[in-house]
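For reference, the structure discussed in these notes is given below.
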Amino acid sequence: MAGDNPHKGHRGRAREQFRVRGLEGMADHQALELLLFYAIPRGDVNALAHRLLDTFGSLPGVFHASYENLLQVEGVGEHTAVLIRLMPALGQRYQQRLNQTGDVLDTTERLGAYLAPEFFGQSRESLVLLCLDARRKVLLCRRLSEGSLDGVAFHARSALEAALSCGAAQVVLAHNHLSGFAVPSREDVTATRQAMAAFAQAGIYLLDHLVFSGDDFVSMRDTGILQTLE
């Protein structure tokens with residue numbers, strides 16, 4: 001009929017589709033619409049979903065956007081911005097909780113799998129310290145610093161305090177690149193050399209330094225970079 005609303009029941013159909021099939025078959029804007037339902041209880045949010053994707057370029061771009069930048073988008077209020085920022089934070093917390101202290105990380109692959117959640121949904125570069133005992137059993141995992149979009153700083157004192165506090169015999173450093181390439185930079189190598197010297201003075205072995213980008217990571221140990229510094 002001419003007076004029928006084509007959007008009537010849209011929210012219910014979208015929720016039912018997700019209940020039955022998950023996100024399979026949903027475009028990015030449809031998945032984002034489903035999330036927006038819970039911040040904006042009434043009205044059509046299709047245009048807002050498209051606006052967010054157009055503004056930030058992709059679904060990851062939306063979830064990486066800062067609270068302040070989200071609020072600049074027409075139609076985004078406080079509740080919507082908080083909900084969007086909450087999603088990657090919850091995802092990271094979930095993945096972190098899957099990794100518990102006491103795990104034995106005796107291969108590079110296990111190190112990478114353990115540390116990857118630390119960088120899930122991150123919009124800034126950050127540096128993480130993983131402390132291990134002599135058998136590579138996890139003692140502590142701590143975020144040391146967060147930096148600008150183009151780098152993070154290594155603070156030897158805070159890193160040593162963390163490693164000594166748990167009696168670490170060896171440590172692994174990990175940080176992320178936002179450029180899309182997990183290739184260690186010249187600055188990464190310089191910082192690693194400084195970190196290795198600082199830990200060595202305390203009798204702690206720097207086992208590896210992993211560089212993450214997206215779903216990829218590179219081990220400085222496996223690529224031979226650390227061996228040239230020892």
Side-chain angles (χ1 to χ4, degrees), residues 60 64 91-92 95-230:
H64 287 169
Q92 182 184 54
Q95 292 190 51
Q96 288 171 337
R97 291 298 180 265
L98 294 178
N99 297 330
Q100 299 297 323
T101 300
D103 289 348
V104 176
L105 308 179
D106 53 2
T107 67
T108 301
E109 289 71 24
R110 288 178 179 173
L111 283 172
Y114 189 96
L115 287 164
E118 296 294 328
F119 306 104
F120 177 82
Q122 289 293 306
S123 59
R124 295 165 65 86
E125 291 195 0
S126 58
L127 178 67
V128 172
L129 174 71
L130 178 65
C131 298
L132 309 170
D133 68 9
R135 294 180 297 173
R136 296 199 188 181
K137 187 176 181 180
V138 175
L139 301 173
L140 175 73
C141 187
R142 177 173 298 176
R143 191 176 305 277
L144 292 177
S145 62
E146 291 187 348
S148 63
L149 294 179
D150 57 359
V152 291
F154 173 74
H155 301 289
R157 181 175 178 179
S158 59
L160 284 172
E161 287 177 350
L164 291 171
S165 71
C166 63
Q170 47 193 332
V171 295
V172 175
L173 290 174
H175 79 282
N176 60 320
H177 285 176
L178 302 178
S179 62
F181 298 98
V183 179
S185 66
R186 183 178 304 173
E187 291 76 14
D188 293 340
V189 175
T190 298
T192 303
R193 180 183 293 109
Q194 296 170 349
M196 182 178 289
F199 284 122
Q201 288 183 348
I204 300 172
Y205 181 60
L206 180 59
L207 176 64
D208 208 339
H209 186 167
L210 305 184
V211 181
F212 288 82
S213 182
D215 297 328
D216 189 25
F217 76 91
V218 169
S219 159
M220 288 195 186
R221 174 69 60 186
D222 289 355
T223 56
I225 294 175
L226 278 191
Q227 289 85 331
T228 66
L229 304 179
E230 292 176 335

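Index from 1, following the sequence.
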(Q) In the structure I gave you, are the side-chain heavy atoms of L210 and H175 within less than 4.5 Å of one another anywhere? (A) no
**Q.** Which residues share a salt bridge (Lys or Arg N to Asp or Glu O under 4.0 Å) with R221, sequence neighbours left out
**A.** E230
Q) Looking only at heavy atoms, which two atoms of F212 and A174 are closest? And how far apart? A) CE1-CB, 4.0 Å
Q | Where L115 and C141 come nearest, the two heavy atoms and their spacing | A | CD2-SG, 4.1 Å
Q. What distance separates I225 CD1 from R193 CZ, expressed to the nearest 0.5 Å?
A. 11.0 Å
**Q.** Pairwise distance OG(S145) to CG(L127) - rounded to 0.5 angstrom
**A.** 4.5 Å
Q: Check whether any side-chain heavy atom of H209 lies under 4.5 Å from a side-chain heavy atom of V172, and answer yes or no.
A: no
Q) Could you give the distance from CG (L160) to CD (Q201), rounded to the nearest 0.5 Å? A) 8.0 Å
Q | Spacing of D103 atom CG and L139 atom CG [to the nearest 0.5 Å] | A | 11.5 Å
Q) If you look at every heavy atom in V211 and A182, which pair is closest and at what distance? A) O-CB, 3.4 Å
Q: Without swapping roles, check the side chain of N176 against the backbone of R124 for a donor-acceptor pair under 3.5 Å.
A: yes
Q. Is there side-chain contact between L206 and L229, with at least one heavy-atom pair below 4.5 Å?
A. no
Q.
Using the rule given for side chain to side chain donor-acceptor pair (under 3.5 Å), can you reason through S213 versus D216, listing the C-alpha separation, both sets of side-chain angles and the distance that settles it, and then say yes or no?
A. CA-CA 5 Å; S213 182; D216 189 25; over 6 Å; no
Q) Of the non-hydrogen atoms in L129 and A163, which two are nearest, and what is the gap between them? A) CD2-N, 4.3 Å
(Q) Once side-chain hydrogen bond (donor to acceptor under 3.5 Å, both in side chains) is applied, do any residues pair with R110, and if so which ones, sequence neighbours excluded? (A) D106
(Q) Within the supplied structure, the quantity of interest is the number of heavy atoms (other residues, nucleotides, ligands) at a distance under 6.0 Å from F181 CZ; does it exceed 12? (A) no
(Q) On a heavy-atom basis, which atom in A162 and which in L140 lie closest, and how many Å separate them? (A) O-CD2, 3.6 Å
Q) Do V138 and L105 have side-chain heavy atoms sitting under 4.5 Å apart? A) yes
Q | L178 and H64: CA distance, side-chain angles, deciding distance, side-chain contact (heavy atoms from CB on, under 4.5 Å) verdict | A | CA-CA 11 Å; L178 302 178; H64 287 169; over 6 Å; no
Q) Taking only residues two or more places apart in sequence, or in another chain, which ones meet E109 in a salt bridge (Lys or Arg N to Asp or Glu O under 4.0 Å)? A) none
Q | Atom pair CD/CG of Q170 and L130 - distance to nearest 0.5 Å | A | 9.5 Å
Q | Close side-chain approach of V218 and T223, heavy atoms under 4.5 Å | A | yes
(Q) Quick one, V104 and R135 - any side-chain contact, counting heavy atoms below 4.5 Å? (A) no
Q. How many angstroms lie between CZ in F199 and CG in L173, if you round to the nearest 0.5 Å?
A. 5.0 Å
Q: Report yes if some heavy atom in the side chain of F119 is under 4.5 Å from a heavy atom in the side chain of V128; otherwise report no.
A: yes
**Q.** Beyond-backbone contact of E118 with S126, side-chain heavy atoms, under 4.5 angstrom
**A.** no
